[in-house]
A.B. asks: 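Quick one: structure below, then a few questions.
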There are 2 protein chains.
Amino acid sequence: MNVTTLQTIADIINVSRSTVSRVLNNKWERYGISRVTADKITVLAKDLNYLKNDTARSLREKKTFTIGVIVRDITNPFYSHIIKFVERALYAKGYTIIICNTGYDLDRESSLINSLISRRVDGIILSPIQKSIENISIIKFRNVPLVLFDCNIDGMKADYVLVDNEAGTMEAIEYLISQGHKEIVYIGGNSYDSNNRLRYAAYRKSMQLASLSIHKNYVKHGRYTFKHGYDSATEILRSKNVPTAFFTANNRIMLGACKGIMDCGLQIPDDISIIGFDDFETATMLPNPLTVIRQPVQEMALNAVALLLSRVDKTNNIPYVTSLLKTELVIRNSTKDIN
Amino acid sequence: MNVTTLQTIADIINVSRSTVSRVLNNKWERYGISRVTADKITVLAKDLNYLKNDTARSLREKKTFTIGVIVRDITNPFYSHIIKFVERALYAKGYTIIICNTGYDLDRESSLINSLISRRVDGIILSPIQKSIENISIIKFRNVPLVLFDCNIDGMKADYVLVDNEAGTMEAIEYLISQGHKEIVYIGGNSYDSNNRLRYAAYRKSMQLASLSIHKNYVKHGRYTFKHGYDSATEILRSKNVPTAFFTANNRIMLGACKGIMDCGLQIPDDISIIGFDDFETATMLPNPLTVIRQPVQEMALNAVALLLSRVDKTNNIPYVTSLLKTELVIRNSTKDIN
DNA sequence: GATAATTCCGCCATCGATTGCGTAGAATTT
DNA sequence: AAATTCTACGCAATCGATGGCGGAATTATC
């Protein structure tokens with residue numbers, strides 16, 4: 001049950017633990033330790049299966065080589081892919097990540113943040129809930145390096161990694177309009193969510209630019225869930241005014257809407273066209289592959305990591321950066337030209 | 001930039017840090033500290049935003065309240081759901097989880113395990129690759145509590161959380177047979193993977209029990225990927241012997257196979273029936289909702305957590321436990337009765 | 001032979017929190 | 001008044017690794 005520590009090794013070879021530490025950290029030359037001693041230590045450490053104690057090292061160094069990553073929903077492929085890339089990039093730099101899932105719960109987010117700070121993580125990558133302003137303030141108050149992604153918090157100066165929601169949405173809506181659609185539905189997320197607000201604003205802007213009016217029943221805000229997409233779609237399709245196209249604000253809503261459309265006995269894209277935010281694996285699996293707005297997931301992850309590490313490494317006061325990435329309209333086959 | 005420590009508080013109130021520690025850990029009564037002092041300390045700690053330093057505590061207590069969770073592919077919904085439930089359950093018990101993604105890479109798994117042990121995690125939940133035996137030995141050698149899930153390693157005694165692959169597969173195959181299918185394809189994962197081996201064996205057994213022969217081109221082992229499913233399905237469907245039903249060993253393969261079937265111009269379930277392992281969100285989204293074998297994800301997660309914590313808490317030597325959970329055949333509409 | 005220059009490494013404080021053991025002073029008992 | 005019992009804490013060691021400063025021992029130089 002006894003674990004090998006520096007002292008164990010030091011005692012056997014009859015040197016001090018400083019010497020052992022220096023050797024095992026490859027600093028023996030700098031400290032003028034003879035090759036003979038160094039070799040003895042190296043060999044013995046291997047024989048004893050010595051593994052450094054990171055908690056001790058962290059305490060002493062005031063650095064844990066740990067990054068906290070907080071997302072809203074780990075089961076959403078958008079986030080799980082982000083996590084995958086973030087983990088990979090950070091691991092390559094010697095960091096470990098602690099992943100937290102808020103499930104869009106503000107209290108939970110707050111408590112997770114406190115826990116991460118208690119653990120003295122070297123930085124936090126956070127996909128905040130819109131109302132997270134106070135939680136975020138705590139992080140800043142503690143001077144913990146922070147990168148926010150996927151959500152803009154009004155009035156909160158910080159480093160951000162975001163996509164250009166406006167351009168992405170407008171490209172999609174204009175594409176629909178170019179195909180002759182005039183009755184376009186918007187099914188979005190929480191009305192206070194920044195992504196949703198921006199996407200909605202862009203939708204309105206595009207419609208306005210084309211002098212198209214928006215039927216008031218054609219806008220549904222709600223949760224980013226399958227159910228919301230499904231319910232909204234069926235409600236609209238069962239009303240007397242039936243639109244020709246749908247725009248959905250995320251992958252879950254899109255899936256729900258598709259299902260709703262199909263359950264109403266309508267075909268995509270023959271009866272209804274649809275475009276949504278987020279690409280995902282099964283987008284190509286529906287009877288007609290879905291046209292989507294792809295977010296550059298890997299790039300977002302890498303940018304977030306790079307931004308964070310630049311804060312972690314240097315104590316410099318770079319001005320806050322917002323990395324605004326472009327989306328891509330992936331045209332498949334879920335819209336129909338009705339001109 | 002200075003952080004509040006116990007000493008900071010102690011100095012201001014003129015007590016020792018022991019006293020502060022005892023108060024903040026709610027042990028002041030036990031140590032006979034007056035309520036007056038206790039209150040002063042509590043109030044001041046709040047005023048100064050004191051947050052305990054977990055690295056220090058971990059070092060002293062030889063306990064980190066951290067659990068490592070290693071999965072093969074975090075972007076697979078099966079694992080991301082497991083993680084979600086594991087995280088939630090452990091968080092409720094005061095633990096934080098470090099998530100690692102091996103991507104089916106053995107070296108990476110080894111290196112991740114070492115890193116977790118260096119960090120002195122209190123336990124590890126591992127979804128191993130089949131060849132992980134040496135990696136696992138390291139964990140056992142270090143005496144780190146361990147639960148393996150989703151994969152059985154031959155000859156490795158340990159705590160396991162598994163599903164009953166045999167019963168689950170047989171139920172599915174027998175269901176197909178009961179519908180009159182005789183030509184049933186098996187598209188599986190890596191031939192050395194225990195899940196795949198068991199599922200394959202069960203498939204053979206069911207076929208044999210029904211006195212059905214297995215065409216040698218009707219068995220495809222490979223990677224657990226969309227591509228493998230797609231390629232296998234199209235290859236088989238383009239050959240001269242066309243089967244009537246497919247069995248697929250996981251969600252990714254199933255999706256690929258479905259796409260392959262559709263791309264060959266065939267309909268599910270009219271032309272081809274299909275059943276696969278793993279339930280997933282989009283299973284209901286295809287033209288015809290997919291009949292699948294559902295693994296009890298939440299139960300698996302909770303069992304793994306419970307098992308692990310029982311090892312962490314007590315130093316007792318409970319004999320190894322294998323928690324074998326039942327699957328459920330979720331009948332939707334991807335198979336056709338051809339009797 | 002004495003001093004200077006190397007070579008090689010140890011001492012000890014430090015990071016922050018957590019107890020086991022002990023004790024000063026007040027209160028109470030005999 | 002002496003002895004005993006409480007009350008209310010403090011002291012100091014400990015967890016394991018790190019690094020500044022210093023110094024003994026050996027070799028080189030004059």
Side-chain angles (χ1 to χ4, degrees), chain A residues 1-42 44-45 48-66 117-122 142, chain B residues 1-42 45 48-66 94 117-122 142:
Chain A
M1 209 50 179
N2 280 331
V3 182
T4 308
T5 70
L6 291 185
Q7 190 72 61
T8 320
I9 297 175
D11 288 347
I12 296 176
I13 307 206
N14 253 307
V15 293
S16 72
R17 29 176 212 294
S18 316
T19 302
V20 180
S21 166
R22 285 159 183 154
V23 169
L24 296 181
N25 286 302
N26 276 318
K27 293 180 182 166
W28 55 281
E29 287 183 307
R30 195 180 323 165
Y31 281 92
I33 290 164
S34 70
R35 161 159 266 125
V36 178
T37 308
D39 285 348
K40 276 200 291 190
I41 291 174
T42 310
L44 185 60
L48 296 179
N49 288 299
Y50 171 77
L51 215 52
K52 71 177 187 303
N53 185 317
D54 277 333
T55 62
R57 196 171 98 104
S58 298
L59 175 57
R60 170 64 212 232
E61 298 288 280
K62 290 176 170 295
K63 164 134 193 174
T64 55
F65 280 97
T66 304
I117 297 178
S118 263
R119 279 164 196 279
R120 263 52 179 181
V121 294
D122 296 331
R142 297 273 174 189
Chain B
M1 207 53 181
N2 280 331
V3 183
T4 310
T5 70
L6 291 185
Q7 190 71 60
T8 320
I9 297 175
D11 288 346
I12 296 176
I13 307 205
N14 255 309
V15 292
S16 72
R17 36 175 206 292
S18 320
T19 303
V20 180
S21 167
R22 284 160 181 150
V23 170
L24 297 180
N25 286 302
N26 275 319
K27 294 181 181 164
W28 55 280
E29 286 184 306
R30 195 180 323 163
Y31 281 91
I33 290 163
S34 70
R35 158 159 268 124
V36 178
T37 308
D39 285 349
K40 274 200 293 191
I41 291 174
T42 310
L48 296 179
N49 288 297
Y50 171 78
L51 214 51
K52 72 176 185 304
N53 184 318
D54 277 332
T55 64
R57 194 170 101 105
S58 298
L59 176 59
R60 168 67 212 228
E61 298 289 280
K62 289 174 169 298
K63 167 136 193 173
T64 55
F65 280 97
T66 303
I117 297 178
S118 262
R119 280 166 196 278
R120 269 35 181 196
V121 293
D122 296 331
R142 298 273 173 188

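Proteins get letters first, then strands, A, B, ... in listed order; numbering begins at 1 in each. Predicted model only: the values in this text are computed from it and were never measured.
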A.B. asks: Considering just the side-chain nitrogens and oxygens of A/Ser58, establish if one lies under 4.0 Å of OP1 or OP2 belonging to C/dC15.
C.D. replies: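 False: A/Ser58 side-chain N/O out of range (4.0 Å or more) of C/dC15 OP1/OP2.
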A.B. asks: Could you check whether any side-chain heavy atom of B/Asn25 comes within less than 4.5 Å of a side-chain heavy atom of B/Lys52, counting everything from C-beta outward?
C.D. replies: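 B/Asn25 vs B/Lys52: side chains apart.
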A.B. asks: Nearest whole Å is fine: how far is D/dC6 C1' from B/Glu29 CD?
C.D. replies: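 One finds 16 Å between C1' of D/dC6 and CD of B/Glu29, rounded.
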A.B. asks: Any side-chain heavy-atom pair from B/Arg22 and B/Val15 closer than 4.5 angstrom?
C.D. replies: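 They are not in contact (no side-chain heavy atoms under 4.5 Å apart), so the answer is no.
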A.B. asks: Between A/Leu6 and A/Tyr50, is a side-chain contact (heavy atoms from CB on, under 4.5 Å) present by the stated rule, with each step listed?
C.D. replies: CA-CA 8 Å; A/Leu6 291 185; A/Tyr50 171 77; 3.5 Å; yes
A.B. asks: With a 4.0 Å cut-off on heavy atoms, is B/Val20 in touch with a base, just the backbone sugar-phosphate, or nothing at all?
C.D. replies: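 It contacts nothing in the nucleic acid.
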A.B. asks: Measure from CZ on A/Phe65 to P on D/dA17 and round the result to the nearest Å.
C.D. replies: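 Taking CZ of A/Phe65 and P of D/dA17, I get 16 Å after rounding.
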A.B. asks: In this structure, how many angstroms lie between the P atom of D/dG16 and the CG atom of A/Leu24, rounded?
C.D. replies: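 Computing the A/Leu24:CG to D/dG16:P distance gives 16 Å.
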A.B. asks: Is B/Lys62 close to A/Val3 at the side-chain level, that is, under 4.5 Å between some pair of heavy atoms?
C.D. replies: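 No. Closest side-chain heavy atoms not under 4.5 Å.
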A.B. asks: Once you round to the nearest 0.5 Å, how far does CG of A/Asn14 lie from CD1 of A/Ile9?
C.D. replies: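 Between A/Asn14 CG and A/Ile9 CD1, I get 13.5 Å after rounding to 0.5 Å.
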A.B. asks: Over how many whole Å does the gap from B/Asn14 atom CG to D/dG10 atom P extend?
C.D. replies: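 The distance from CG of B/Asn14 to P of D/dG10 comes to 9 Å, rounded to the nearest Å.
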A.B. asks: For the residue pair A/Ser58 / A/Thr55, report whether a side-chain donor-acceptor contact shorter than 3.5 Å exists.
C.D. replies: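 Note: A/Thr55 and A/Ser58 side chains miss the donor-acceptor criterion.
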A.B. asks: Can you tell me how far P of D/dT7 sits from CH2 of B/Trp28, to the nearest Å?
C.D. replies: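 For the pair B/Trp28 CH2 and D/dT7 P, the rounded distance is 13 Å.
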A.B. asks: Would you mind reading off the distance between A/Ile13 atom CD1 and C/dC8 atom P, rounded to a whole angstrom?
C.D. replies: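 A/Ile13 atom CD1 is separated from C/dC8 atom P by 16 Å.
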A.B. asks: Distances for protein N/O vs nucleotides 16-20 of chain C N/O pairs under 3.5 angstrom?
C.D. replies:
{"residue": "C/dG16", "atom": "OP1", "partner": "A/Lys62", "partner atom": "NZ", "Å": "2.5"}
{"residue": "C/dG16", "atom": "N2", "partner": "B/Ala56", "partner atom": "O", "Å": "3.3"}
{"residue": "C/dA17", "atom": "OP1", "partner": "B/Tyr50", "partner atom": "OH", "Å": "2.3"}
{"residue": "C/dA17", "atom": "OP2", "partner": "B/Leu6", "partner atom": "N", "Å": "2.6"}
{"residue": "C/dT18", "atom": "OP2", "partner": "B/Ser21", "partner atom": "OG", "Å": "3.2"}
{"residue": "C/dT18", "atom": "OP2", "partner": "B/Asn25", "partner atom": "ND2", "Å": "2.9"}
{"residue": "C/dT18", "atom": "O3'", "partner": "B/Glu61", "partner atom": "OE2", "Å": "2.9"}
{"residue": "C/dT18", "atom": "O2", "partner": "B/Arg60", "partner atom": "NH1", "Å": "2.2"}
{"residue": "C/dT19", "atom": "OP2", "partner": "B/Lys27", "partner atom": "NZ", "Å": "2.7"}
{"residue": "C/dT19", "atom": "O4", "partner": "B/Ser18", "partner atom": "OG", "Å": "2.9"}
{"residue": "C/dG20", "atom": "O6", "partner": "B/Arg22", "partner atom": "NH2", "Å": "2.5"}

